[in-house]
Structure formats: C-alpha cells, structure tokens
Protein chains: 2
Amino acid sequence: MTRMPPGTRARARAETTRAILDEARRQLAEQGAAALSLRSVAREVGMVSSAVYRYVASRDELLTRLIVEAYDAVGERAEAARDPEAPPRAQWRAVWRAVRSWGLEHPAEYALIYGSPVPGYAAPAETIPAAGRVGLLLAAIVAEHGQAPPGDGESDGESDGVLLEGLLPGVAPPLVLPAIAAWTQLFGTVGFELFGQYENVVVDRAAFLDAVADTAASSVGLPPS
Amino acid sequence: MTRMPPGTRARARAETTRAILDEARRQLAEQGAAALSLRSVAREVGMVSSAVYRYVASRDELLTRLIVEAYDAVGERAEAARDPEAPPRAQWRAVWRAVRSWGLEHPAEYALIYGSPVPGYAAPAETIPAAGRVGLLLAAIVAEHGQAPPGDGESDGESDGVLLEGLLPGVAPPLVLPAIAAWTQLFGTVGFELFGQYENVVVDRAAFLDAVADTAASSVGLPPS
DNA sequence: GGTTGTCAAGAGCACTGCTCTCGCTGTGTG
DNA sequence: CACACAGCGAGAGCAGTGCTCTTGACAACC
C-alpha cells in the first residue's frame, strides 16, 4: 500500500478535496447534474482544470462521491427525525416528512440519487449500502411496531421468491412486501412532487404526503394513533 | 402566418424531420439523454450539424419532442392493454403491466419522462396533457368500477383542499386521493425497478408489481376478482 | 542536505451547442 | 415561360467541455 504520512501534506490534500466537493455540490444544487463542469469547479476553487484530476479521477467519480454524500444526508436526516420513544405512527410520519423536506431543500441532489441515473454512468457498488439507509429505517419501525393482519390463516405461499430471501429479518413475513411497497411509495410520492408530476393535480403536497403515509402505515400494520 | 405549399417540399421536410427524430430516439435509447448530441444525429442522418437547426430549434426542443412522443407511447400502450370488457381488476393489472413492460423496453425514454428532469430544462407546457394519459386511464377504471368503502359516515372533510378541485370528475370523492396515490405507486414501482433501486431487494419484479397493483386495486375499491 | 514524489500549470486533442454567412435549387407567381 | 424569393445544405467560427501529457517547482521524508 501507499505510505500515509500524517503530516501537513495529507491535511492540505483533505482540505483541497473538501473544497472541490463543496464547490461541486454548490454547482450541482444551482444548475443540476448535467451542468456540473469539472473545469468550472476548478475555476471557482482557484486552480487550473488539470489540477483537479489529482484529487478526483474523473467527472464520474466526482458524481459518485456526491451521490454517496447525498444518500448519507437523507439517511441522516431521516434517522434524526425519528424519535424512538414517540408512538409508532408519529415515528413513521416523521421519517416521511423528513425525506420530503430534505428533497425540497436539495432537489438536484434528490434527482441525482432517486431520479434517472446519470446517462452512460452505472452507479458503482459503493453507493449500495448508503442507498438502503432510509429503507432500513422504515423497516426498523415496522419490525418493532408492525402487527401482521389477523385472520388470513396461512396463505403466505404467494410471496415466496418475490423478494430476496432474508431481507428485513426482524419484520413479520406478511409485512415485508407491504414494507417494500411503502418504501417505494414514499420516494415515488416525493419524486412525483419534485419532478413536477403533481402540477395541476395535488395542491397541498404536505397534507397529501401525510395522507399517503398514513395509508402506508396501516398497510404495514402500525397500530392506529 | 407562413405560406404552406402542399407540394413535395413539405413532404421532404416532413421526412427529414422524421429521420432526425428517429435517429435521435435511437441514440437516446442507446446512450441516454445526456449523450444525445445534435451533431452526431446530424452526422448519422447525413447532413452537417447546422442543417439540423432548420428542423429543430435547439437540443432542448429536440428533447421536448422526444418527451411528448414518449408520453404518447406509454399512454397508447396502456390504453391498448386495457380491455373494457374484462373484469375490473384484470383491466387494472393489464394497465400496470403495460406500463412496466413499456418501461423495460424503453428505459431511456422512461427515464426521460419519469426520471429527473433534464438539467437546466423546464418541461414546457405542451408536455402536460400527454403526461396525464395513463393517470386518466386509471381514473377511468376507478370511475367505472370503484366502490367507495362502506361505513365511515361522513369524515371526508380532511381531503378538502389537498387535491385540485374537480380533478377526476367521475370518481367518487373518497376514492380520488387513493387513485392519485395508486398512480404514484405505479410509476414509483416501475421507476425503482428501472433505476436499480430493487437490486438485491426484489427478485421477481413482475410478481412484485402484480402484488402491489392488487393492493392498490383494493385501495381504490375495485371488487375482488 | 540531498532525493523523491507530489503538486499546479499549461498546451493540446476531440468533442459539444449554436450562429452566421454563403451559394444552390426548387417553387409559386407574375 | 421566366424570374425572384424562400428554403435548404454546407462551411467556418465562437465558446465551452472532459481528459491527457509534459514541464517545472516546491515540500516532505531518509
């Protein structure tokens, strides 16, 4: 491996890297992912374009880093919004709202991670764990407070093989599929709002999300508030 | 207005325009929207780049045309899939499946219309009607076969002001919000599949969509099959 | 103190969207 | 039937992009 001198050299490098990432995120937020130009980032940071390549291998790698940071940002925001002591449905709603408000504040970053993948660019594997955070958070709430619907004796044969084996270990089997559907619904709804699909359709988007969240909460067996 | 000679000139113009749009869609499908270059379209069609501007005002206008065509394509596919004589849930499922299979066949076009909006580009108003086709189709099924849930006396005050007034005229008021949620769920699920979010999560995506569709069908009051 | 390696800078290649000007050619009209 | 004009394709050119390679300087380590 490479030597790692803990001296000032490494510190300077870290600072420059941060400056580049910060400026890149700024441009991303202002003009969208496609308008993100390595040259203009360099210009703004105060170096020549070729120097940036010392810190970032390519434009794609820059985007990848921004993607991971964005996933972590939503995940963190959602986790912070959840109060484990609150009633289940309140926790659930808080997470939904947190995702929405993060998206409203960072539409370009939201589009980067939940919109169409950047063309000609396959999300590298390192983004996968970060991508699951919000989903796991929802799953944790379901695992703790979700009650499988009564009745319906044993007709659970249909869900075999649909989902990955062993996904969401703590969640009651009949609730796994509804949980995935709810997770999808959350990002589908926020995405539709952000991408303009609710133009002339939904007026009060916050209330709409609450309503959808509540229906989803019922589908994963959260007790009524 | 401009003169419009119905001679061979106009025919040639129409043909060239079609050739440009076809080639553009071909490139879109192969490499994604960002890689769509007016110059390479021109090259492939056999003219110089500046000549293309006689037919298409800008790259953005080209994208807009592709967007409208894509919306129409999904809409048409979905409408064709619905057999009005079939049982309600079969109609419903057919539409969901049609949207999914169209998306699988045309992922880049799907991303273009349901993914993040192309950066620095606001969807012009002319795309709005085309964008609503699938939604209206779902609404038609709900209007015809959806039965509002019994009981629940008159607690419909909460949904006031959330959605646009007079949206989906034929649909029973308590079913309007679930219908919008179902419409969102459809594209959220297909989008999540196409954009790779179900990697290592959902194995049998077709069966998963069917299951979600069925739950959604219940939420909009379609009678059990 | 010398050597080594990391760094910023610059030039350069191939590409992009878009504009403008130049001639040719087919078209509808006088 | 001839002509003037609109429509068209070609080319040059501007400003910008991602990325590579080479060059020279400076600082960090042995």
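Letters A, B, ... are given to chains in the order of the sequence lines, protein chains preceding strands, and every chain is numbered from 1.
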Value in whole Å for how far the [atom2] atom of [N] lies from [atom1] of [X]:
X       : N      : atom1 : atom2 : value
B:Met47 : D:dC8  : CE    : P     : 10 Å
B:Gln27 : C:dG17 : CD    : C1'   : 14 Å
B:Arg11 : C:dT27 : CZ    : P     : 12 Å
B:Leu63 : C:dG17 : CG    : P     : 10 Å
B:Tyr55 : D:dA6  : OH    : P     : 17 Å
B:Arg13 : D:dG7  : CZ    : P     : 9 Å
A:Glu61 : D:dG18 : CD    : P     : 15 Å

Once you apply a heavy-atom cut-off of 4.0 Å, does A:Leu62 come out as touching a base, just sugar-phosphate, or nothing?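 Result for A:Leu62 = nothing.
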
message = If I compare all heavy atoms of B:Leu175 with all of B:Val171, which pair ends up nearest, and what's the gap?
response =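 Scanning both residues completely, I find the closest heavy atoms to be CB-CG1, 3.7 Å.
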
Counting primed atoms, P, OP1 and OP2 as sugar-phosphate and everything else as base, the B/S/- map of nucleotides 20-25 of chain C against protein heavy atoms under 4.0 Å is BB----

Looking at [options], which one has an atom nearest to any side-chain atom of [X]?
X       : options                : value
A:Val48 : C:dA9, D:dC19, D:dC8   : C:dA9
A:Ser40 : D:dT17, D:dG9, C:dC18  : D:dT17
A:Ser37 : D:dC19, D:dT17, D:dG9  : D:dT17
A:Arg43 : D:dC8, D:dG9, D:dT17   : D:dT17
B:Leu38 : C:dC18, D:dC19, D:dA10 : C:dC18

Practice task
With sequence neighbours excluded, give me every salt bridge (Lys or Arg N to Asp or Glu O under 4.0 Å) pair touching residues 17-27 of chain B.
Solution key: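 As it turns out, the salt bridge (Lys or Arg N to Asp or Glu O under 4.0 Å) pairs with a partner in residues 17-27 of chain B, which skip direct neighbours, are B:Arg18-B:Asp22, B:Arg18-B:Glu69, B:Asp22-B:Arg25, B:Glu23-B:Arg26, B:Arg25-B:Glu69, B:Arg26-B:Glu30.
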
- Kindly calculate the angle separating the two end axes of the helix from C:dG1-D:dC30 to C:dG30-D:dC1, each obtained from five base pairs, and round it to 10 degrees.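 What I find for the helix from C:dG1-D:dC30 to C:dG30-D:dC1 is an axis angle of 0°.
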
Open item on the list: Please enumerate all residues that pass side-chain contact (heavy atoms from CB on, under 4.5 Å) together with A:Ala78, with sequence neighbours excluded.
Closed with: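 With sequence neighbours excluded, A:Ala78 shows a side-chain contact (heavy atoms from CB on, under 4.5 Å) to A:Val95, A:Val99, A:Val134, A:Leu137, given in chain and number order.
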
(request) Name all residues meeting the side-chain contact (heavy atoms from CB on, under 4.5 Å) criterion together with B:Arg77; count only those two or more places apart in sequence or in a different chain, and write none if there are none. (result)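 Only B:Ala98, B:Ser101, B:Trp102, B:Glu105 meet the side-chain contact (heavy atoms from CB on, under 4.5 Å) criterion with B:Arg77.
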
**Asked** Residues in ring pair (Phe, Tyr, Trp, His ring centres under 6.0 Å) with A:Tyr114, at least two apart?
**Response**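 Counting only residues at least two positions away or on another chain, A:Tyr114 forms a ring pair (Phe, Tyr, Trp, His ring centres under 6.0 Å) with A:Tyr71, A:Tyr110, A:Phe187.
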
**Request:** Measure the shortest side-chain to side-chain distance between A:Leu66 and A:Leu28 over non-hydrogen atoms and say whether it is less than 4.5 angstrom.
**Result:**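 Contact flag for A:Leu66/A:Leu28 side chains = yes.
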
Listed pairs, N/O of protein and of nucleotides 12-14 of chain C, under 3.5 Å:
{"residue": "C:dG12", "atom": "O6", "partner": "A:Arg39", "partner atom": "NH2", "Å": "3.3"}

Checklist line | Pairs touching residues 35-50 of chain A that satisfy side chain to side chain donor-acceptor pair (under 3.5 Å), sequence neighbours left out | finding: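 Non-adjacent pairs meeting side chain to side chain donor-acceptor pair (under 3.5 Å): A:Gln27-A:Ser40.
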
For [X], all residues meeting side-chain hydrogen bond (donor to acceptor under 3.5 Å, both in side chains), sequence neighbours excluded:
X        : result
A:Tyr55  : none
A:Gln185 : none
A:Glu109 : none
B:Asp72  : B:Arg133

Cationic N near anionic O, under 4.0 Å, A:Glu144 to A:Arg82 |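 A salt bridge is present here (some side-chain N lies under 4.0 Å from a carboxylate O).
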
**Prompt:** Given that B:Tyr53 and A:Gly46 both sit by DNA chain C, which one's nearest nucleotide is further toward the 5' end?
**Reply:**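 The 5'-side residue here is A:Gly46.
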
